[in-house]
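Note on naming: letters A, B, ... go to the chains in the order of the sequence lines (proteins, then strands), and numbering restarts at 1 for each one.
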Amino acid sequence: MRKFFGCILLLTGLSAVAADVPAPEQLVRTTSKDVLEVMKKENLSPADKRFRDLVEAKVLPSFDFNRLTALAVGKYWRQATPDQQAALVREFRVLLIRTYSTAIGANKVQDINVKPVKMADTDTDATVRTEVITASGQPFPIDYRLLKTANGWKVYDVAVEGVSLVTNYRTSFNQTIQKDGIDGLIKALVDRNAAQPAKTSAK
Amino acid sequence: MRYSLPLLLSPLLLAACATPANHYDPLEPVNRKVYAFNVAVDKAVLKPVARGYVAVTPSPVRTAVSNFFGNLGDVYIGTSNFLQGKWRQGTTDFGRVIFNSTLGLGGLIDIASMAPGLPKHNEDLGQVLGFWGVGSGPYLMLPLLGPKTLRDTTDYYGIYYLSPTRHIHDSATVNSMGGLNLVERRAQLLPVEETMHAAAFGDEYAFVRDSYLQRRYSLVWDGRPPVPLQLGDKVEVDDDEIDVKSLDMSGLEKIEAPEASKKSPSAP
């Protein structure tokens, strides 16, 4: 029943202006709404570069990609030079935005239902749970973990069906670093990002 | 709430040959070979069949097929809920079966999901054992069947004993139903696969394994685990250790952002 009510709230846009909503929830709500709007209005395929750019523009301000990348790289992060760190963040961001665009495109997302967050005013860490309603199949959960930073609340990990992106990438990142070093990982990410558009356009 | 029953088998196996990358995968060398085999079979047979099925089957028919098998599965899901003492959820599962089998024309229409308060749940025997404190045990890559943990293999018994199709004695019917269910389930994975391909980086086997283990762990805790699952050696990545704030990334944002806005109007 609450879900139903939540849907109606979301559809009418009332939720976004509610005053007593905690900041992290508000952030996820606004961002989800913006992304959905882009999807419905533009009717673009997820492989489209323009679609990814639009999604990126909407999602970018809510994410702390530095922290996300640092957590995924794990113990090797401190060994990387600032230039290497910047390159890692840049390439990882491209990969993540692409994944996110594909995920909402391939699953034909209809609606994103953000669940109410219960938290204290003093909390600096929060998890916002959402339920993604798709045209086909069961709804699936996406959880966002946020941290209070100097620039406001920022997302530092995303878990799709309980699968944390940071945890998942850490394994393969560490394997690559152990084999080819940090520059090897950067190169692998660059190659990976360059290979993707060629593959989708050939389809 | 959850009792920690000692599971004899898994800690022994794990202690014997834990790898630094993942404590749940002591059989990694064997698993990798089976994974390669599964991928080859899927590519050659299952995926083309699923693609063909999607291409020739109208979407309402697919939904009906999926609903039909989903309705049979609700009996198993409801039982799993009862076995965890989740009485309310279990009751709604059987309520779903009653609604869908009658008003939903023998399960072809998932009429229950349209009603508020009767959502479909995700439960199985592996989750029942997990709920009562049984550890997942080692990760297994089963030939043709895919990833499972030792604990979750009990699922196959659960599906077998609690499926209403067990009472159909015509083997041709049972086999074709099984085949159709398999194809439909593979077809449902096509969008998941697309996402996985966009996300995958580096070692695909590890990616699948880590995803599977985390997802199962999350399901056991109904999406709210107390702590994240520790897959490998403990990597302490505290905020103090990673000094992200000292990193000046302001230039990066400025390079990327105008590029995106510049390109959008020019595209058709």
Among the options A:Thr167, A:Leu95, A:Leu165, A:Val163, pick out the one with the most heavy-atom pairs lying under 4.5 Å from chain B. A:Val163

Is any side-chain heavy atom of A:Thr171 less than 4.5 Å from a side-chain heavy atom of B:Asn22? no

Are any of the side-chain heavy atoms of A:Leu185 and B:Phe201 separated by less than 4.5 Å? yes

Calculate, to the nearest 0.5 Å, the distance between atoms [atom1] and [atom2] belonging to [X] and [Y] respectively.
X	Y	atom1	atom2	result
A:Thr99	B:His197	OG1	NE2	12.5 Å
B:Leu231	A:Asn168	CG	CG	7.5 Å
B:Asp210	A:Ser172	CG	OG	8.0 Å

Would one find more than 12 heavy atoms of other residues, nucleotides or ligands at under 6.0 Å from atom OH of A:Tyr76? yes

For the NZ atom on B:Lys120, are there more than 12 heavy atoms of other groups (residues, nucleotides or ligands in this structure) within a distance under 6.0 Å? yes

Between A:Leu96 and chain B, with a heavy-atom cut-off of 4.5 Å, which part of the residue counts as in contact: side chain, backbone, both or neither? neither

Contacting region of A:Thr69 [heavy-atom separation from chain B under 4.5 Å]: neither

Contact winner vs chain A - B:Gln214, B:Gln188, B:Arg62, B:Arg215, heavy-atom pairs under 4.5 Å: B:Gln214

Considering only heavy atoms, which portion of B:Ala199 lies under 4.5 Å from any heavy atom of chain A: side chain, backbone, both, or neither? both

Measure distances from B:Ser211 to the heavy atoms of chain A and classify the residue's part below 4.5 Å as side chain, backbone, both or neither. both

